[in-house]
2 protein chains.
Amino acid sequence: MWVVTPLAQRKRQLVLDELTQAALGLLATKGFEAVTVDEIVAAAGVSRRTFFRYFASKEDVVVRFLGDLGSGMRAELAARPASEPPSVALRHAVATSVSACAAHDGRALRVVRLILGTPALLARFLERRAQWRDELAAELGRRLGLDPAAGPFPHLAAGVALAAFDTVLQRWSGSDGIADPVTLTGEVFEMIAPALDSLTS
Amino acid sequence: MWVVTPLAQRKRQLVLDELTQAALGLLATKGFEAVTVDEIVAAAGVSRRTFFRYFASKEDVVVRFLGDLGSGMRAELAARPASEPPSVALRHAVATSVSACAAHDGRALRVVRLILGTPALLARFLERRAQWRDELAAELGRRLGLDPAAGPFPHLAAGVALAAFDTVLQRWSGSDGIADPVTLTGEVFEMIAPALDSLTS
DNA sequence: AGCCAGATTGACACTCAGTGCCATCCACGG
DNA sequence: CCGTGGATGGCACTGAGTGTCAATCTGGCT
């Protein structure tokens with residue numbers, strides 16, 4: 001199962017890495033709108049057309065780099081025991097997410113700063129973040145036996161948790177990656193916990 | 001005051017209205033990406049270049065239509081008495097915002113649905129929403145005598161209030177504009193109030 | 001009225017993102 | 001050895017957004 005597709009798949013991964021590497025390097029130094037796709041593909045040694053076979057847009061290169069955070073949060077939430085109140089489960093989900101981001105130390109920090117400082121990138125990132133919220137709301141609804149379409153709670157709680165995520169990410173990047181993500185997350189969730197548990201209290 | 005408004009200013013407003021009208025009509029019926037700027041300017045009777053003198057992008061036409069909500073929220077928050085706890089002041093700010101949106105009854109509803117259903121528009125809207133959060137955080141910091149850069153509270157509270165805004169807007173548009181914005185806002189703020197007042201309790 | 005300064009507009013040309021299409025090349029199985 | 005499918009590159013095209021310049025219009029001033 002795992003040995004049957006070695007060569008073509010690896011080649012594809014190689015091109016993807018090369019493209020990501022080249023793009024992130026150029027974008028971080030020259031700024032987002034000062035870099036054209038042609039420059040990126042020239043640095044990566046592939047054709048312009050190939051770039052758009054791997055990425056849907058120029059923004060996609062940067063956003064995809066942080067893209068796994070969303071599915072990671074949902075997975076972590078799903079993995080938490082059902083006995084935990086929403087505030088605890090969501091706190092762990094957010095904490096592991098930001099920690100995973102901080103683990104890339106160095107690169108991830110530059111990418112986050114790039115996103116927060118570039119309107120076009122922020123917009124695309126927030127669009128993806130909205131999908132995270134809906135996924136979290138669905139998972140939360142499943143945990144609590146609630147229909148997300150019936151009551152406002154799952155949608156709201158997911159939005160509140162992501163607002164906490166925003167604040168943690170902002171303060172983490174603002175501290176040059178020095179602050180501990182788990183500690184920051186704990187601080188912030190202490191404030192919002194009563195709101196997240198307002199249904200089960 | 002009202003007589004000095006020069007003729008040029010009114011002409012400008014007229015062009016802007018004509019452009020907005022034409023764009024919203026076409027976009028609502030044919031969908032966002034199925035309409036080109038050339039079609040819009042042809043319907044409005046101005047040149048393509050003029051369109052981009054009034055709007056920064058095609059998305060801008062739609063987003064600007066809802067753009068005053070942000071400054072409205074901040075103004076309402078600033079107008080609330082300083083004695084009110086954050087949860088009450090923010091609830092009024094959100095309620096007046098959504099109510100102002102609902103007052104346009106008919107047009108605003110279609111615009112909101114268009115935004116929520118179009119990725120490119122949603123992205124631009126969320127970008128603006130992020131600015132709202134920072135403005136609300138600044139205003140909140142002023143109310144409470146806190147430096148928004150020092151502690152996470154203003155940023156977090158503004159984010160939580162806007163998460164509530166999101167939920168209210170989603171449910172309002174989901175109910176075809178039938179649900180009462182103030183009632184919805186009240187329901188939702190009942191859940192998050194303890195988080196918003198966690199500092200002053 | 002006549003004139004001048006500033007703002008608005010339209011037209012053209014240009015860059016760049018993104019897409020469709022087709023020819024080519026290369027890994028893999030028969 | 002040969003055919004098939006996927007990945008690539010080149011090309012042309014649409015559409016968004018911008019800079020520039022000439023023409024036009026507005027409003028004030030003499």
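Hydrogens, waters and symmetry mates are skipped; everything else that's a heavy atom, side chains included, is used.
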Rounded to whole Å, CD of B:Glu33 lies from P of D:dT14 at a distance of 19 Å
note: B:Arg12, atom CZ; C:dA7, atom P; distance rounded to Å ~ 11 Å
By side chain to side chain donor-acceptor pair (under 3.5 Å), B:Glu59 pairs with (sequence neighbours left out) B:Ser57
Applied to residues 149-186 of chain B, the ring-ring contact (aromatic ring centres under 6.0 Å, His included) test, sequence neighbours excluded, yields B:Trp132-B:Phe165
Expected list for residues 111-126 of chain A near DNA chain D, using heavy atoms below 4.0 Å, is none
Those residues at least two apart in sequence (or on a different chain) that pass side chain to side chain donor-acceptor pair (under 3.5 Å) with A:Glu190 are none
So side-chain hydrogen bond (donor to acceptor under 3.5 Å, both in side chains) across residues 110-122 of chain A, not counting sequence neighbours, yields A:Arg113-A:Asp176
Say whether B:Gln13 and B:Asp17, considering side chains only, have a donor N or O and an acceptor N or O under 3.5 Å apart. yes
By side chain to side chain contact (heavy atoms under 4.5 Å, CB included), A:Ala164 pairs with (sequence neighbours left out) A:Val188, A:Phe189, A:Ile192, B:Leu156
Rounded to whole Å, NZ of B:Lys11 lies from P of D:dT24 at a distance of 13 Å
Taken in chain and number order and not counting sequence neighbours, the residues that satisfy side chain to side chain contact (heavy atoms under 4.5 Å, CB included) with B:Arg49 are B:Ser47, B:Phe52, B:Arg53
Sequence neighbours excluded, the answer for side chain to side chain contact (heavy atoms under 4.5 Å, CB included) partners of A:Ala123 is B:Ala123, B:Glu127
Residues of residues 17-31 of chain A with a heavy atom under 4.0 Å from any atom of DNA chain C, listed by number, are none
Side chain to side chain donor-acceptor pair (under 3.5 Å) filter on B:Asp68, not counting sequence neighbours, yields none
What residues 38-68 of chain A contributes to the DNA chain D interface at heavy-atom separation below 4.0 Å is A:Val46, A:Ser47, A:Arg49, A:Thr50, A:Arg53, A:Tyr54
A:Ser87 meets the side chain to side chain donor-acceptor pair (under 3.5 Å) criterion, sequence neighbours left out, with A:Asp197
